[in-house]
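Here's the structure, in structure tokens; my notes come after.
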There are 2 protein chains.
Amino acid sequence: MTNIRDLAKMAGVSVTTVSRVLNNHPYVSEEKKNAVLKAVKATRYHKNINAVHLSKGKTKLIGVVLPFTDHPYFALLLKGIAKQALEYNHKLLLFQTDYMESRETEALQMLQQKQIDGLIICSRACSMRKIEEYLPFGPIALCECVKGGEISSTYIDHYKIFMDALEFLYRKGHTKIGYCIGRKSGTNSRNRDKAYWDFHEKYHLPHHPEYIFDQCYDYEDGERVLSRVKEMDPPPSALLVTSDQVAAGIVISCNKQQISIPDELAIIGFDNEPIAGMLNITTIDIPLVEMGRNLVHQVLTKEIKNKEISATLIERGTV
Amino acid sequence: MTNIRDLAKMAGVSVTTVSRVLNNHPYVSEEKKNAVLKAVKATRYHKNINAVHLSKGKTKLIGVVLPFTDHPYFALLLKGIAKQALEYNHKLLLFQTDYMESRETEALQMLQQKQIDGLIICSRACSMRKIEEYLPFGPIALCECVKGGEISSTYIDHYKIFMDALEFLYRKGHTKIGYCIGRKSGTNSRNRDKAYWDFHEKYHLPHHPEYIFDQCYDYEDGERVLSRVKEMDPPPSALLVTSDQVAAGIVISCNKQQISIPDELAIIGFDNEPIAGMLNITTIDIPLVEMGRNLVHQVLTKEIKNKEISATLIERGTV
DNA sequence: TTGTATGCGTTATCAG
DNA sequence: CTGATAACGCATACAA
């Protein structure tokens, strides 16, 4: 592998001059510049980028932490992140965690070890305290509301959205409402749960903990939820489903079993994934691509900001 | 930032000893080892990994080139890649290309510049010649059959599979068969097209170029295909659809428009994506996760091999 | 078991 | 406009 010292010898100049030419710095005579360029051509020289990283202390790499990529929510978020990273001329280092804290730690350590210039955590299993520990080593952006501090975030007010959706159903006459969620433990999930119980308090509705279904990610989970709902007495008359994919599973199962939507069961999905449009599912549009873009922006500009992104109810045929 | 020289001073040992401790090398006395460890704790020392990369000439990073991540085909492939990379203790650098050759070039250059130890190209827009140019800089694995040479590949025999599916439909009485595909230009696409025309030759069937629909990726594309099919006279009686997502779009549209499947239109999807199970779509199962795993394996073991992965027809309700 | 010296390839500083 | 030299931080051959 030829390096800039070799080039310098070949071109009869110093390494400094070579470096200048390579980085388009001014103050290099045409003559020497051409000599260097000629040597570059002749040797098919290419920089060893690790040396650049070491010397500069930067890598133009952003870490992205997410549990899995084969779910529309994260796939769309990642799409936005990738688009914006491209515009900023940065690349992405992927940490697929399956919600394992050890892998999140690994990502945080990469920040500390300077392999990445910043980190985007799309969803986390570890504590905020732990994340804060790593803040001195580089900017971190999250997808959940973070009050104050040095962490940036781009988030949805899930409490408000959930409450709005519940009220919407209530106005349509629903009082037995359940919901489906992925994890119970995330910040966003807890906000939703709080909205759920506050709603019940507000309207003095009976509590039905069995109307809450967790571990809902895929179509099959929707199928499973429906089979459980069918066995209930009384069953919920409406479901808030925090992924359109799961909502689609429920809708398709209902079709198969001649359960009428929205008459027997009303559904509101989340994310406005492509399948929701296809199946005419009423859903909450969450601009995931935009959120992804903003996360990159926050990490790279290093402005510590908490940006709320608004979600919109899209009325279609399942309510 | 404290470095190993600082640690050496603090612990009263040489940098070599520090390095030994840090990398769990043998031949270090407990005493000195503890002294070093103590200094590590005290300073909250962490390696600068870029220095390691430079020194070793390796990064434990694998580049992954794919057009987009928000499509089940690539999402599942990526899932397999991520799983296996984790087992090999390597990380992934993502190149989302949108089939732009310039971005593929960038990935190849990262190999040359030693930012990545190897490259997996899930789908390419650039020429094989170009890829071969970069082979001297590190292992490259592709998702298409590569005859000989130094490139590894994990692939499906798309010609055979397509032909089998066509024959399957033929035996069911179909003679007017169309197909939907993403790009027309990829190697896999060309193999499929060849199978398509060879099939027509074999059974002396009339040619219907209008039965071929390209740019089919999403549900909406399936919808679009169906609306075009409806206007045809005669329309195809069966469609091979190279993504279950598109197939799902067609199936859902047919349901809406009371077009009976498989009586009026038979459908065979591809990939056995989750939605295919939900909608009872007959499909070709392609073990994408397994393929992803194998690609990583090939890149890291550097055995140059071409591994064919077999696909299986899953008979469900749309034929 | 330990330490010295050197290499890895680039960028940055500063003097000329 | 140019160049010598010092970082950057770690790994490792070799010597002891």
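Residue numbers start from 1 in every chain, and the chains themselves are labelled A, B, ... in the order their sequence lines are given, proteins ahead of strands.
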Taking C-beta and beyond as the side chain, do B:V28 and B:V13 meet within less than 4.5 Å on heavy atoms? no

Using the salt bridge (Lys or Arg N to Asp or Glu O under 4.0 Å) rule, take A:E104 and A:K130 through it: C-alpha gap first, then chi angles, then the decisive distance, then the call. CA-CA 10 Å; A:E104 297 180 9; A:K130 174 152 197 174; over 6 Å; no

In whole angstrom, give the distance that lies between atom NZ of A:K60 and atom P of C:dT11. 12 Å

side-chain N/O A:N23 vs C:dT11 OP1/OP2, d < 4.0 Å: yes

Does a donor on one side chain sit under 3.5 Å from an acceptor on the other, for B:Y99 and B:S123? yes

Using atom CZ of A:R20 as one end and atom P of C:dT10 as the other, report the distance to the nearest whole Å. 16 Å

In terms of the nearest nucleotide of DNA chain C, which residue is placed more toward the 5' end: B:E31 or B:L54? B:E31

Just by distance, with hydrogens left out, do A:E144 and A:T187 show a side-chain donor and acceptor under 3.5 Å apart? yes

Can you figure out which of C:dT11, D:dG9, C:dG3 approaches the side chain of B:T16 most closely? C:dG3

What does B:V18 touch in the nucleic acid at a heavy-atom separation under 4.0 angstrom: a base, only the sugar-phosphate, or nothing? nothing

In whole angstroms, how far is the P atom of D:dA11 from the NE2 atom of B:H25? 8 Å

What nucleic acid atoms does A:S29 come within less than 4.0 Å of, heavy atoms only: base, sugar-phosphate, or nothing? sugar-phosphate

For B:N48 and C:dG9, give me the distance from atom CG to atom C1', rounded to whole Å. 14 Å

Expressed as a whole number of angstroms, how long is the span from A:N3:CG to D:dC8:P? 21 Å

I want to check one thing: is the phosphate of D:dG3, taken as OP1 and OP2, less than 4.0 Å away from some side-chain N or O of A:T17? yes

Would you say C:dG3 has OP1 or OP2 under 4.0 Å from some side-chain N or O of B:S14? yes

Quick one: B:Q115 CD to C:dT10 C1', roughly how many Å, whole number? 15 Å

From the candidates D:dG9, C:dT4, C:dT10, the one with an atom nearest any side-chain atom of A:A51 is C:dT10

Does a donor on one side chain sit under 3.5 Å from an acceptor on the other, for A:K305 and A:N294? no

Atom-pair distance (CD on B:Q113; P on C:dT11), nearest Å: 11 Å

Any donor-acceptor pair, under 3.5 Å, between the side chain of B:S55 and the base of D:dG9, if you only look at N and O atoms? no

Roughly, in whole Å, what's the span from NZ in B:K114 to C1' in C:dG9? 11 Å

Pair B:S102-B:T105, side-chain donor/acceptor within less than 3.5 Å: no

Answer yes or no: side-chain N or O of A:R5 and base N or O of C:dG7 forming a donor-acceptor pair under 3.5 Å. no

Taking only side-chain nitrogens and oxygens of A:K47, does any of them come within less than 4.0 Å of OP1 or OP2 of C:dT11? yes

Please confirm whether the shortest side-chain N or O distance from B:S19 to OP1 or OP2 of D:dA11 is below 4.0 Å. yes

Please determine whether a side-chain nitrogen or oxygen atom of A:K32 lies at a distance below 4.0 Å from atom OP1 or OP2 of D:dG3. yes

Please determine, for the side chain of A:Y27, which listed nucleotide (D:dT2, D:dG9, C:dT10) has the closest atom? D:dT2

